[in-house]
Amino acid sequence: MLSLTGLPLQIVASVVAILVFAATMWLWPRFGGKGWKSWLGRLGAFLAAQVAVLVAMGLIANSYFGFYSSWTDLLGTSGGLGTVVDHQPNASGVAVTGEQKFYSAQGSEPDRSGLIQKVAVKGAGSGLSTEAYVYLPPQYFQPDFAKQRFPMALVLTGYPGTPEKLISLMQYPASTLDAIERKKLPPTILVMTRPTLVDRDTECVDVPNGPQVETFFTTDLPKALASAYRIGTEPSNRAVIGNSTGGYCALKFALRKPDSYQAAVALSGYYSAAHDPTTGDLFGGDDRLKQENDLLWRLKNQPPAPVSLLLTTANDENNYAETQAMVGAFKAPTKMSTITLDTAGHNFHTWTREIPPALEWLGKHLTMPAAA
């Protein structure tokens with residue numbers, strides 16, 4: 001069966017819609033009479049064309065926005081009730097909950113193209129948890145790398161975002177494999193998730209008397225993943241990349257916690273925490289804490305962090321002026337790079353144009369750990 005979110009089904013539905021519309025135009029003169037058969041024919045042709053077009057548009061919209069991930073999800077037959085899992089206080093770790101082969105031109109075997117695992121990550125310090133997808137590159141399964149640890153790149157969606165789109169629409173595993181094969185990126189493990197851990201947009205802030213999201217991503221997650229996979233434990237072995245809200249979080253993690261991530265990429269990111277109905281009051285009225293989460297203020301007023309940052313924008317993008325201000329404010333030992341497109345929107349198409357060069361940039365700032 002064709003995948004609900006796959007391109008082949010969208011193409012088939014679009015072709016069917018075009019054919020049904022053409023057939024309606026061709027048959028319409030034959031339904032020009034006044035009898036009930038003519039009325040029924042016109043009504044049937046009209047409804048068939050409308051349904052075909054709506055189905056094609058719905059499939060395309062669903063693939064883009066991720067409303068339903070599979071046929072079972074759409075039909076409500078995706079399984080029984082959830083299972084309660086009891087945890088010990090402050091327990092942390094990674095549990096693999098699913099696995100899928102990654103298909104590429106090299107084949108589908110893990111030692112040729114890598115493997116994607118779905119995991120549940122629980123943080124000890126924050127008490128928070130999330131689901132993520134881990135892409136293990138082919139070298140992870142090859143005998144020559146059996147004792148090798150690997151660098152890790154945390155990949156974040158925007159808000160609200162779904163991590164599945166990082167795989168299917170933004171093509172992170174495919175672009176990563178391509179960069180590895182071209183020797184532009186060391187064999188790197190991707191940890192793909194979204195920055196939203198609770199039922200509000202926290203902007204990756206440690207909210208006073210609330211969820212400690214920054215702690216989860218900068219302390220809990222690296223420790224948990226390194227205990228479950230052969231991931232390097234030095235800050236130079238870790239990077240973070242994200243789009244929109246995920247881009248803001250990526251930069252903030254590096255600037256505020258350089259001992260967690262020493263390289264960060266923001267695709268169409270912004271540089272201070274949003275404040276709207278989805279966030280609520282993130283700082284508990286603490287203006288100092290709000291200021292410390294303003295990245296431009298940090299570059300101007302805090303000691304420069306020994307990190308490397310890549311910002312992307314476009315000449316007509318909303319973050320262009322602020323990006324130029326960021327470039328004008330940084331000081332060594334912070335390193336700053338940019339990608340500036342001629343024209344772009346705040347969307348997936350723009351980010352897929354920026355991901356391949358961003359991964360090559362990461363290849364220059366991620367260190368391969370020494371073999372065990």
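Quick note: residue numbers are just sequence positions, from 1.
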- Query: Between the side chains of S175 and D178, does any donor sit under 3.5 Å from an acceptor?
  - Reply: no
- Item | Distance-only donor-acceptor check, side chains T313 and N319, under 3.5 Å | yes
- Message: Could you check whether E292 pairs with R288 (Lys NZ or Arg NE/NH1/NH2 to Asp/Glu carboxylate O, under 4.0 Å)?
- Response: yes
- Message: Under 3.5 Å, is there a donor on one side chain and an acceptor on the other for Y271 and T323?
- Response: yes
- K101 with E109: basic N within carboxylate O range, under 4.0 Å: yes
- Would you find a donor on one side and an acceptor on the other, under 3.5 Å apart, between the side chain of D294 and the backbone of S272? no
- Would E317 and S268 count as having a side-chain donor-acceptor pair, cut-off 3.5 Å? yes
- Item | pair Y140-P110: side-chain heavy atoms closer than 4.5 Å | no
- Short side-chain to backbone donor-acceptor contact, R353 and L341, under 3.5 Å: no
- Query: When you check the gap from the basic side-chain N to the acidic O, do E203 and K252 get nearer than 4.0 Å?
  - Reply: no
- To the nearest 0.5 Å, tell me how far L154 CG sits from T218 OG1. 10.5 Å
- Can you check whether Y248 reaches N293 side chain to side chain, under 4.5 Å on heavy atoms? yes
- No-hydrogen, no-angle side-chain donor-acceptor test under 3.5 Å, T245 and Y270: yes
- Query: Looking only at atom types and distance, does a side-chain atom of R112 sit under 3.5 Å from a main-chain N or O of P138, one as donor and one as acceptor?
  - Reply: no
- Message: Can a donor-acceptor pair be found, under 3.5 Å and without considering hydrogens, that links the side chain of K331 to the backbone of L299?
- Response: yes
- Mind checking whether I339 and L310 have side chains closer than 4.5 Å, heavy atoms only? yes
